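Everything below concerns the one structure shown next.
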Amino acid sequence: MTHSGLRTAELCLKRAVAMKQDAEQIEDVAPDLAAVAYFYAGYHTIKAAFIEDPIFDDLTRLQSLDPHLIPDDRYVTHHRGRLGGNGPRKLGVNDIVKILYPSIATRYVRLHMASIAVRYESGLALYSFADVKSDFAELARLCRRRAQGQVARPARHASSTS
Amino acid sequence: MIALDEFQALTQSIGEYAVDLIGRDALAGLQVIFDRRNRSGQVSIALVEPSGDEQLRVIACMFEVEQMFKDEAITSYSFVDVIDEEVDARETIRQYSLV
C-alpha cells in the first residue's frame with residue numbers, strides 16, 4: 001500500500017497540533033512514545049512549510065538550490081532520499097530540510113533519529129527527552145517565523161545536499 | 001594482501017571520511033554496514049561524550065559525508081552505545097569498523 005500524505009498545509013498543521021497535544025498528554029508517563037509523537041508533530045509542521053513555500057513554484061530558483069529538487073517535492077512523504085537506478089536521485093524530507101531550512105536541519109534529523117531509536121531500536125537511551133522537546137520547539141519556531149515572512153532564504157545553500 | 005572490491009572500497013571510504021570529520025578522539029567506535037543491493041550505508045556512531053551539543057555537531061559532520069557520497073550511496077546513521085563487532089556474513093554486505 002502506498003500513500004500520498006496530507007495535501008494541504010492546513011491539514012498538515014492540524015495533524016501537527018494533534019500530535020503535539022498527544023505528546024504533551026503522555027510525556028510524563030511514556031516519554032519514549034511522546035518522542036515519536038513530537039517527531040511526527042515536527043514532520044507535519046515541516047510538510048506544511050514545504051507546501052506553503054513559494055520556492056516550489058519557481059523551477060529555476062528551486063534548482064539553483066539543488067539540481068535534484070523538483071516542484072512535486074513539496075508533497076514528498078518519505079524521510080530519506082533514494083538512488084533512482086538509472087533515473088535521477090529522489091530526495092526525501094530530511095534532504096529537503098537540509099537544503100531549504102539548513103538552520104534547523106541537524107535538530108530535525110536528530111528528532112527523526114530519536115523516533116527511529118524508539119520504534120526500531122532500544123528506545124531513547126542515547127537521546128535526551130529534553131533535546132527532543134527543544135528540537136521540536138526550534139523547528140516549530142522557525143516554521144512560524146517563515147510563515148510570517150520573518151526569515152530570509154539563503155541565496156544558495158553552500159553545500160547542496162541530496 | 002586482500003583485494004578490495006568496489007563496494008568494500010566505498011564502504012571504507014565512507015567510514016574513513018566520517019572518522020576524519022568527526023575526529024578520532026571523539027569516537028568510541030564507528031561502523032559502516034553497506035548493502036550493495038540498494039546502495040545503502042548504515043553508519044553506527046558511538047561517541048565518547050554523547051552530549052546533546054556533540055550529537056548536533058556529529059550530525060552536521062554526517063551531512064558532509066552524505067554530500068560527499070551522494071551519487072554512490074544512501075547514507076543513514078544512528079548513535080549507539082557500543083559497536084557490534086559481530087560480522088554480517090551476507091554476500092551483499094560490506095563493512096568498515098573502528099572500535
Side-chain angles (χ1 to χ4, degrees), chain A residues 66-69 78-99 101-135 137-139 157-162, chain B residues 6-7 10-11 14 17-18 21-22 26-84 86 92:
Chain A
D66 187 294
H68 295 101
L69 269 171
H78 52 274
H79 302 296
R80 292 191 176 117
R82 298 166 187 168
L83 286 171
N86 292 327
R89 184 188 175 97
K90 296 184 188 318
L91 302 179
V93 173
N94 293 7
D95 301 311
I96 298 170
V97 170
K98 286 178 224 165
I99 297 165
Y101 315 133
S103 67
I104 48 108
T106 54
R107 286 181 173 272
Y108 181 76
V109 167
R110 180 167 63 180
L111 200 50
H112 185 213
M113 292 168 76
S115 85
I116 290 171
V118 172
R119 287 178 290 154
Y120 305 114
E121 297 163 6
S122 52
L124 268 188
L126 294 168
Y127 300 86
S128 149
F129 185 67
D131 286 340
V132 166
K133 289 186 71 171
S134 71
D135 289 347
E138 276 298 307
L139 76 89
H157 192 214
S159 57
S160 61
T161 303
S162 48
Chain B
E6 168 192 357
F7 296 103
L10 175 59
T11 306
I14 292 170
Y17 191 56
L21 287 175
I22 296 168
L27 289 164
L30 185 144
Q31 183 178 57
V32 183
I33 306 287
F34 187 87
D35 190 336
R36 74 180 194 194
R37 290 172 303 179
N38 50 15
R39 289 179 165 264
S40 64
Q42 170 63 41
V43 184
S44 299
I45 304 161
L47 296 174
V48 172
E49 177 57 55
S51 67
D53 287 346
E54 178 69 345
Q55 287 180 341
L56 293 179
R57 184 188 73 81
V58 169
I59 291 169
C61 292
M62 293 310 296
F63 288 177
E64 291 192 47
V65 174
E66 288 180 277
Q67 176 67 15
M68 174 63 74
F69 297 98
K70 66 179 181 175
D71 295 325
E72 299 159 281
I74 294 291
T75 311
S76 55
Y77 32 90
S78 59
F79 294 116
V80 297
D81 50 2
V82 291
I83 298 298
D84 183 357
E86 192 170 317
T92 60

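All of these numbers come straight from a predicted model, not from anything done at the bench. Residue numbering restarts at 1 for every chain, and letters A, B, ... go by the order of the sequence lines.
- The structure places CG of A:N94 at 8.0 Å from CD of B:E66, a figure rounded to the nearest 0.5 Å.
- Both the backbone and the side chain of A:A105 come within contact range of chain B, judged by heavy atoms closer than 4.5 Å.
- Counting only heavy atoms from C-beta outward, the side chains of B:M62 and A:V109 never approach each other to under 4.5 Å.
- Scanning all heavy atoms of the two residues, the minimum distance from B:G52 to A:R110 falls at O-NH1, 2.8 Å.
- Rounding to the nearest 0.5 Å places CZ of A:R82 at 9.5 Å from CD1 of B:I74.
- Here the CG atom belonging to A:L91 is positioned 9.5 Å from the NZ atom belonging to B:K70, to the nearest 0.5 angstrom.
- Counting all heavy atoms, side chain and backbone alike, A:K98 lies closest to B:F63 at CE-CE2, 3.5 Å.
- Within residues 27-45 of chain B, the residues having any heavy atom under 4.5 Å from a heavy atom of chain A are, by residue number, B:R39.
- By the salt bridge (Lys or Arg N to Asp or Glu O under 4.0 Å) test, B:E72 pairs with no residue at all, sequence neighbours left out.
- For B:D81 against A:L126, the heavy-atom pair with the smallest separation is N-CD1, 3.4 Å.
- Only the side chain of A:R80 comes within contact range of chain B, with heavy atoms under 4.5 Å apart.
- Rounding to the nearest 0.5 Å gives a distance of 12.0 Å between CZ of B:R57 and OG1 of A:T106.
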